Amino acid sequence: MLTSYSYNQTKRFLFVVVVFFSACREGYTPPWDTFNSSVNECNNMLNYTEDFQDETWFRDEAQVVNNITEDPFDKPTADLLDISDNPKESRIYQFLDSIPEGEYIFSLFLKAPPGTEGKYAIGMEFNGDKRLWNKSIVSLNDSSWTRASVRLKTEGTGRLTVFPAYALIKGSTMDKVYAWGAQLEQVNSDKSADLYCGRNTFKGGSSNAYFFIQE
């Protein structure tokens with residue numbers, strides 16, 4: 001017969017198990033002690049920063065292949081962003097509403113797929129009393145990761161949208177790239193992008209099943 005204490009302990013155990021499996025999804029299994037980014041004092045304003053296939057990231061005539069290659073830390077969590085279906089209109093983006101006036105930097109790691117190189121565009125857009133827009137064109141190759149960034153100073157309160165993929169605008173030549181580690185932060189005017197700090201990222205996996213543990 002279960003005592004009141006042992007019954008409560010059993011309930012707690014079952015609750016932990018349910019929470020554990022609800023937080024997992026099938027995929028790559030990194031070691032338990034693997035940490036891709038800091039969990040303390042993370043100033044990243046974006047969500048699912050290493051998973052561009054998540055519904056948090058909107059896709060207009062664009063494709064994402066999840067966990068297709070190794071990220072900058074040699075774990076297979078980087079995605080392929082593909083805007084080749086409609087190079088003039090394809091976009092991948094995430095937005096935040098009611099962003100206060102200030103200066104912001106959007107950054108992410110980019111790399112060209114094997115056998116390719118060229119120039120790639122990322123962007124930021126602010127919609128408040130008036131529309132503000134800025135872009136960055138970055139040169140990529142297939143041998144190393146590049147952390148691209150773009151800065152925008154807002155006026156008043158409004159919606160801020162970041163674009164890790166923004167069609168083939170003037171100056172860009174690439175419609176497929178590997179991407180990982182998106183970050184948006186509010187900064188002082190003399191500050192560059194901070195060290196990457198992920199949110200809703202994969203921290204570890206079980207030793208006997210292919211599961212993610214999602215933070």
Side-chain angles (χ1 to χ4, degrees), residues 19-28 30 35-69 71-73 75-83 85-86 89-100 102 104-111 120-128 133-136 147-150 152 154 157-167 176-186 193-205 211-215:
V19 170
F20 172 82
F21 282 103
S22 67
C24 297
R25 74 176 188 180
E26 190 173 352
Y28 157 68
F35 289 88
N36 289 335
S37 57
S38 171
V39 296
N40 297 318
E41 299 180 3
C42 183
N43 61 349
N44 195 343
M45 301 170 68
L46 300 175
N47 292 306
Y48 297 91
T49 59
E50 298 165 16
D51 186 3
F52 297 96
Q53 201 173 60
D54 186 85
E55 62 184 10
T56 306
W57 293 97
F58 293 88
R59 298 185 292 276
D60 294 346
E61 300 188 60
Q63 305 297 321
V64 174
V65 182
N66 207 33
N67 304 327
I68 193 174
T69 192
D71 62 39
F73 299 96
K75 304 296 187 297
T77 65
D79 298 349
L80 175 71
L81 310 186
D82 183 353
I83 58 172
D85 286 348
N86 189 342
E89 300 296 332
S90 296
R91 289 163 179 77
I92 299 172
Y93 57 97
Q94 184 176 148
F95 63 83
L96 294 91
D97 284 320
S98 302
I99 294 298
Y104 297 85
I105 292 180
F106 168 53
S107 61
L108 77 162
F109 292 88
L110 297 170
K111 185 179 180 181
Y120 185 76
I122 64 172
M124 294 177 68
E125 180 181 51
F126 176 76
N127 285 287
W133 160 258
N134 197 16
K135 67 178 181 181
S136 179
R147 191 180 186 191
S149 65
V150 58
L152 187 65
T154 66
T157 301
R159 171 178 287 188
L160 186 61
T161 305
V162 299
F163 296 88
Y166 195 86
K176 294 180 182 179
V177 295
Y178 293 144
W180 183 86
Q183 180 154 307
L184 175 67
E185 53 194 304
Q186 187 172 5
D194 204 349
L195 293 175
Y196 170 65
C197 176
R199 293 184 63 188
N200 313 112
T201 60
F202 303 132
K203 297 298 182 182
F211 290 113
F212 280 117
I213 304 254
Q214 181 172 281
E215 178 172 277

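If you're wondering where the values come from, they're calculated on a predicted model, not measured in any experiment. By convention here, the first residue in the shown sequence is residue 1.
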A.B. asks: A62 and I83: which non-hydrogen atoms are nearest, and at how many Å?
C.D. replies: CB-CG2, 4.0 Å
A.B. asks: Would you say the side-chain atoms of T49 pair up with the backbone N or O of R199, donor to acceptor, closer than 3.5 Å?
C.D. replies: yes
A.B. asks: Got a sec: does the NZ of K135 have more than 12 other heavy atoms crowding it under 6.0 Å?
C.D. replies: yes
A.B. asks: State, to 0.1 Å, how close I105 and A193 come at their nearest heavy-atom pair, and which atoms those are.
C.D. replies: CD1-N, 3.6 Å
A.B. asks: Of the non-hydrogen atoms in F106 and G123, which two are nearest, and what is the gap between them?
C.D. replies: CD2-O, 3.9 Å
A.B. asks: Considering only heavy atoms from C-beta outward, does the side chain of N67 approach that of D79 to under 4.5 Å?
C.D. replies: yes
A.B. asks: Indicate yes or no: at least one non-hydrogen side-chain atom of W57 is less than 4.5 angstrom from one of P164.
C.D. replies: yes
A.B. asks: Closer than 3.5 angstrom, by distance alone: can the side chain of Q94 be matched with the main-chain N or O of V162 as a donor-acceptor pair?
C.D. replies: no
A.B. asks: May I ask you to test the F109-D71 pair for a side-chain heavy-atom distance under 4.5 Å?
C.D. replies: no
A.B. asks: Ignoring hydrogens and geometry, is there a side-chain-to-backbone donor-acceptor pair from N44 to A182 under 3.5 Å?
C.D. replies: yes
A.B. asks: List for me each residue that meets salt bridge (Lys or Arg N to Asp or Glu O under 4.0 Å) alongside R59, sequence neighbours excluded, and say none if there are none.
C.D. replies: none
A.B. asks: Given 3.5 Å as the limit, does a donor-acceptor pair link the side chain of E185 with the main chain of D194, or not?
C.D. replies: yes
A.B. asks: Is there a side-chain contact between L110 and I122 in this structure, where contact means two heavy atoms from C-beta onward sitting under 4.5 Å apart?
C.D. replies: yes
A.B. asks: Would a 4.5 Å heavy-atom cut-off, applied to side chains only, mark L81 and V64 as touching?
C.D. replies: yes
A.B. asks: Got M124 and L160 here, is their nearest side-chain heavy-atom distance under 4.5 Å?
C.D. replies: yes
A.B. asks: Do M45 and I99 have side-chain heavy atoms sitting under 4.5 Å apart?
C.D. replies: yes
A.B. asks: How about S98 and T157: do any of their side-chain heavy atoms sit closer than 4.5 Å?
C.D. replies: yes
A.B. asks: Report the C-alpha distance between W180 and T69 in whole Å, list the side-chain angles of each, state the deciding distance to 0.1 Å, and finish with yes or no for side chain to side chain contact (heavy atoms under 4.5 Å, CB included).
C.D. replies: CA-CA 10 Å; W180 183 86; T69 192; over 6 Å; no
A.B. asks: Using every non-hydrogen atom in the two residues, find where T154 and P100 come nearest and quote the distance to one decimal.
C.D. replies: OG1-O, 3.4 Å
A.B. asks: Evaluate side chain to side chain contact (heavy atoms under 4.5 Å, CB included) for E125 paired with Y93, printing each intermediate quantity in order.
C.D. replies: CA-CA 10 Å; E125 180 181 51; Y93 57 97; over 6 Å; no
A.B. asks: Grab the two heavy atoms, one from E50 and one from G198, that are nearest each other, plus how far apart they are.
C.D. replies: OE2-CA, 4.4 Å
